[in-house]
Amino acid sequence: MTIVAAPLDLADSAETRDIGTPDPESLVPYRRTWRPPAWPLTIGAAAIGIIVIGLSYRLSAQAFPADVYYLVFWIGMLGALLPATLKLSAVGTDRTARLWTILLIGVLTAVPKFLRNPGEPRYHDEYAHWREAVDAASAGQLFRPNTVIPIVQYFPGTSALTVTTHSFSGLSIWAAGALVVLLMHILGLFAMFLLGEKLLSSARAGAIAALIYGINPSAIYFDTQYAYESIAINFFLWTLALTTIAARDTSRRRWAFVATAMMTAFCCVVVHHLSTVFLILAMSTVVATATVRTLLLSRRSGGGGGSIRGELLTWWLMWTAVLAIAAGWVIFAARPTLVYLEPYFGNSVDQLQTMTTEKPDTGRQLLAANVQPMWEQLLTAAAPLLLAGVVIAAAMMLRRRQIRLDSTTWGFVVFGLFYFASLPFILAPSGAEGARRSWGFAYVGVALIVAMVVVHRPQNRPRWLLATQRVPVLVTLFAALVVGNVGGGLNDPYRFPSPFRWGTDTNSASDEARTVARDLNGEVGRVRVVSDSYTRLQLAAYGGMILAAPSPGFPAWQLVQSSEDPSPELAGMLVSSDYNFLVVDVRMGEEAPFNGHNFGENDPLRGRATPMTNLTRLDSVPWATRVITTEHLRVYRLDLMPIAMQPRGTS
């Protein structure tokens with residue numbers, strides 16, 4: 001490797017570093033460092049890596065062993081990402097080159113999800129949002145009812161952006177949505193760069209913060225799917241970045257930044273409810289931490305600090321504005337939001353308490369039913385430990401006063417610690433999804449902590465620590481973090497295409513189900529249907545059907561998960577709600593579902609295949625008449641009125 005002269009790290013210019021002063025990278029002496037990879041090498045490696053990632057998907061779809069396609073995937077992903085990482089984080093890279101590299105990293109971290117299903121929806125939420133955009137485009141208005149995720153109706157930002165892009169570009173609805181997600185994903189990394197640059201006073205720190213954020217557990221698959229969080233989380237980032245810039249600008253431009261931040265906050269609110277919750281939580285953490293610290297410092301110094309108070313007032317103003325915007329939207333446009341969100345946190349806390357008391361068997365088994373190679377599983381477990389080590393290093397630097405943070409930066413650091421607080425919720429069935437969804441937000445603080453340690457590390461560090469600062473060791477640690485984060489995000493069926501696998505949102509999709517959905521719509525229109533958790537996604541997306549949502553209070557699963565006729569109570573509910581059709585995929589009787597259920601978490605036959613006798617008897621019962629037949633699917637017209645008329649309590 002060639003050695004060249006490049007600027008010293010910021011921390012090398014002083015024993016104690018105040019983070020918040022102007023970036024002196026170009027003013028300090030030079031030292032010998034690694035030359036960053038040239039652009040042809042960086043772009044060439046990215047192109048080859050993308051091809052290799054595509055090859056891994058081909059191997060997965062052809063049912064090669066998991067060890068093979070996982071290894072090929074990571075050869076491609078790391079081969080594409082590492083040269084760009086070295087270029088972005090090198091001391092000698094100028095600011096413009098760092099920005100171009102962030103653009104490249106944004107594309108690279110979006111590629112795996114795009115190649116996973118480039119032409120149509122496959123993820124659960126994608127079916128819902130694609131159908132919502134199709135209905136909005138067809139009707140010429142937003143706020144369309146959504147049968148897959150009903151709350152989507154009240155947050156039309158994703159559909160509005162998609163339909164607008166579709167109208168101006170001429171792209172299909174799906175292609176327009178994919179383009180919107182890609183652009184927002186890249187713009188979010190630039191917001192993270194500006195946030196890190198402003199808070200840590202270094203373009204290099206901002207670039208590293210953007211890089212670390214771009215490999216968070218949600219970034220490479222979950223937050224690059226076509227769904228509302230994938231768009232809203234980037235408005236979340238821009239609101240924080242613009243507020244930080246406004247708070248530190250003492251000119252008249254401050255109010256322009258404040259106004260723009262309010263616009264991005266409004267966009268976040270109208271796109272996604274949970275992103276809004278985390279925006280309020282992030283801003284509350286920053287405001288509370290900064291206020292307490294400012295008051296303490298003011299008492300010690302005996303007053304003063306007008307500029308500091310001006311910065312804090314800007315944060316208070318934005319916090320108040322975000323609360324007002326969110327409250328106004330919920331009150332006037334999205335009243336069901338609180339009812340929709342309430343069960344998730346309450347149930348997860350209850351389950352955690354149960355796991356630690358009398359019923360430990362109710363917890364989740366991590367990585368259960370997973371084909372991940374052991375080495376990826378180990379790195380998945382190691383990723384939080386690596387980050388904990390970075391946090392400990394940051395704490396030591398702060399304790400020894402080798403760096404000093406201002407009040408706002410302290411607020412973001414505290415917010416980043418929520419990542420570690422969320423980890424226990426992975427063990428709770430209801431809390432796992434919420435914990436994973438929190439990582440994409442809390443990683444803002446995590447990324448800033450990592451960037452702070454890398455860029456502002458002290459010169460007089462111990463000998464044993466010097467080895468961990470060498471390029472090969474840093475590259476190895478970074479690669480381990482990337483692999484561990486992706487491994488901790490989504491499971492194998494979401495990450496890789498494969499032959500048909502019953503009981504997954506992604507790999508249970510089929511041309512057969514899409515054809516049935518369209519044919520049923522052509523024959524009877526948009527009707528109410530009972531079906532399993534997997535066929536229902538395609539019936540809703542491609543046929544526009546209104547699907548039943550089985551629950552203990554509405555046990556629609558009785559139609560197939562029982563060997564007896566439905567109860568009069570259920571029949572009455574189905575008749576009164578006009579559920580006149582039942583769609584059955586006979587493959588639910590051939591194997592147990594991968595996800596563990598055929599009709600939701602309360603499925604009475606959870607963990608088991610549906611007895612085939614339950615399915616074959618549908619052709620002989622008087623209340624069901626088969627109207628459509630394919631190789632694996634059966635569509636029945638229901639006539640449950642005679643059962644509904646029976647006295648309650650009989651069968």
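In this text, all values refer to a predicted model and were calculated from it rather than measured experimentally. Any value given below was found using the heavy atoms of this structure, including those in side chains, with hydrogens, waters and symmetry copies removed.
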Item to complete: Go through the steps to decide whether T629 and R626 satisfy the test side chain to side chain contact (heavy atoms under 4.5 Å, CB included), and finish with yes or no.
Response: CA-CA 7 Å; T629 303; R626 192 193 296 192; 2.7 Å; yes

Item to complete: Show your working on salt bridge (Lys or Arg N to Asp or Glu O under 4.0 Å) between R437 and D125 and close with a plain yes or no.
Response: CA-CA 13 Å; R437 291 203 173 192; D125 289 10; 3.2 Å; yes

Worksheet entry | CZ/R526: more than 12 non-hydrogen atoms of other groups inside 6.0 Å |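 Yes, enclosed.
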
Item to complete: For atom CE of M612, decide whether the heavy atoms of other residues, nucleotides or ligands shown that lie under 6.0 angstrom number more than 12.
Response: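 Counting other residues, nucleotides and ligands, CE of M612 exceeds 12 neighbours.
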
When you compare the side chain of [Y] with that of [X], does any pair of heavy atoms fall below 4.5 Å?
X: I215; Y: L81; answer: yes
X: L520; Y: V529; answer: yes
X: M374; Y: L378; answer: yes

Worksheet item: Where does the angle between the aromatic ring planes of Y123 and Y494 fall among parallel (under 30°), tilted (30 to 60°) and perpendicular (over 60°)?
Response: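 The arrangement is perpendicular - the two ring planes meet at more than 60°.
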
Worksheet item: So, are R617 and D565 salt-bridged, with charged N and O less than 4.0 Å apart?
Response: yes

Please enumerate all residues that pass side chain to side chain contact (heavy atoms under 4.5 Å, CB included) together with [X], with sequence neighbours excluded.
X: A178; answer: none
X: P118; answer: F114
X: P336; answer: I151, Y154
X: L618; answer: V560, L582, V584, W623, Y636

Item to complete: Give the intermediate values and the outcome of salt bridge (Lys or Arg N to Asp or Glu O under 4.0 Å) for residues R495 and E376.
Response: CA-CA 14 Å; R495 290 168 58 186; E376 187 177 286; 2.7 Å; yes

Practice prompt. Step by step, work out the side chain to side chain contact (heavy atoms under 4.5 Å, CB included) result for T625 and D639.
Written response: CA-CA 8 Å; T625 304; D639 180 15; over 6 Å; no

Worksheet item: Tell me, which pairs form a ring pair (Phe, Tyr, Trp, His ring centres under 6.0 Å) where one or both residues lie in residues 536-574, sequence neighbours left out?
Response: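 Sorted pair list: W130-Y542, F554-Y579.
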
Fill in: Heavy-atom pair with the smallest gap, counting every atom of L142 and A136
CD2-CB, 4.1 Å

Worksheet entry | Cation over ring face, K113 and Y226, 6.0 Å, 45° | no

Worksheet item: So, do Y70 and F496 have ring centers that fall under 6.0 Å from each other?
Response: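 Judged by ring-centre distance (under 6.0 Å), Y70 and F496 do meet the cut-off.
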
Fill in: Distance flag, aromatic centroids of W502 and F594, threshold under 6.0 Å
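No; W502 has its ring centre 6.0 Å or more from that of F594.
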
Practice prompt. Please list, chain by chain and in numerical order, all residues satisfying salt bridge (Lys or Arg N to Asp or Glu O under 4.0 Å) with R587, sequence neighbours excluded.
Written response: E512, D585

